[in-house]
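Just so it is clear, the structure is predicted and the values come from calculations on it, not from any experiment. Atoms within a ligand are numbered from 1 in the order they appear, just like the ligands themselves.
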Amino acid sequence: MRAELHFHLLPGVDDGPTSPAESLELARLAVADGTDTVVCTPHVRDVDVLTVPDRVAALQVQLDAAGIPLKLIAGVEVAQDDLATMSEAELAIASHGPADRRWLLLEAPLQLDADGLLDAVADLTARGYGVLIGHPERCAELMAPGGRLDELRATGVLLQVNGSSLLGRHGQRAQEWAFELALAGHVAVIASDAHRPTRGPVLTRAVAAIIAAGVDPAVAERMVADTPQALLADGWPAPTGPAASTDSA
Ligand SMILES: [Fe+2]
C-alpha cells in the first residue's frame, strides 16, 4: 500500500480542509488512490505544533467511525524560518522513526532563499535529524541553471517531489523540473501535498506520468509505497545524530 508523507488533512488549521467533512472527503480520496497511511503535515507557522497529536487522534476517531480505512500519523511541514523558534518537544512531534534514525519534512522555499534552506539542513543534521526536502522542484534557486541543487543533495537529504507538480498544477517550470529530478533518479518520494478535494491525492496519476516518461514502473511505485512506508517504520536509511556525524567525519 501507498503512504503519503506530505498531506494537509487536518481541518481548520492551515490552508488545508476547512471542515471535518472536507477532511473525510479528502481521506476517502486518498484510500481510493491506493493509500493506507497519511502523515498529517500542517504548516508549522499556522498551528500550535504541540496540539497536532491530539488533533490527529480526534480526526482518526472520525475516520474510524466513518469506516474509512486510513491510518493517520502526526507530523508537520517545517519551513526554514520555523526552526529558530521550534522547541525540542515540537521537533519530536515533527519527526519520525526510531531514536537514532529520526527525520522530518522541510519544505523547499517558494519565496525564501536557498542559503537559508542549506543553513536549516545543516542545523537539523547537527541536531540529529535526517531531512526530507518537500517540493524542491518548486524552488527556482535550487533548480534553475547554476542553482544549489547539487550542493543540497551533497548534504545527504532525500527529495520529495509533489505529484501535483508532475501533473502541471504548479506551472510549467515546476513540472519540467519534477520530471527532470525523477528521470535523473534523484526522487526518493512522491507525495500529493493535498490541501482540499479539488487539490487532492494524485499518487496514481503521478506514478503513471513518470512511467510514461520512462521511469521503470517498479521504481516509480517504490517512490509512493515502499520508500515512504520504510521511512515511517524504520526511520532514516542511515543512523542520524552526533554519533553518525563522528562516524562519517
Ligand atoms: Fe505542504
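Taking distances strictly below 2.8 Å, the protein N/O/S atoms close to the Fe ion (ligand 1) are His6 NE2, His8 NE2, Glu77 OE1, Asp193 OD1.
Residues Pro136 and Gln160 share a closest heavy-atom pair of CD-O, 3.2 Å.
Comment: Asp81 does not engage Arg45 in a salt bridge, judged by the lack of any side-chain N to carboxylate O separation of less than 4.0 angstrom. A salt bridge links Glu88 to Arg127: at least one charged side-chain nitrogen sits closer than 4.0 Å to a carboxylate oxygen. The pair Glu107-Arg138 fails the salt-bridge criterion, with no side-chain N (NZ, NE, NH1 or NH2) lying under 4.0 Å from an Asp/Glu carboxylate O. A salt bridge between Arg148 and Asp115 is present, with a side-chain N of the basic residue lying under 4.0 Å from a carboxylate O of the acidic one.
A donor-acceptor pair shorter than 3.5 Å cannot be found between the side chains of Gln111 and Asp113.
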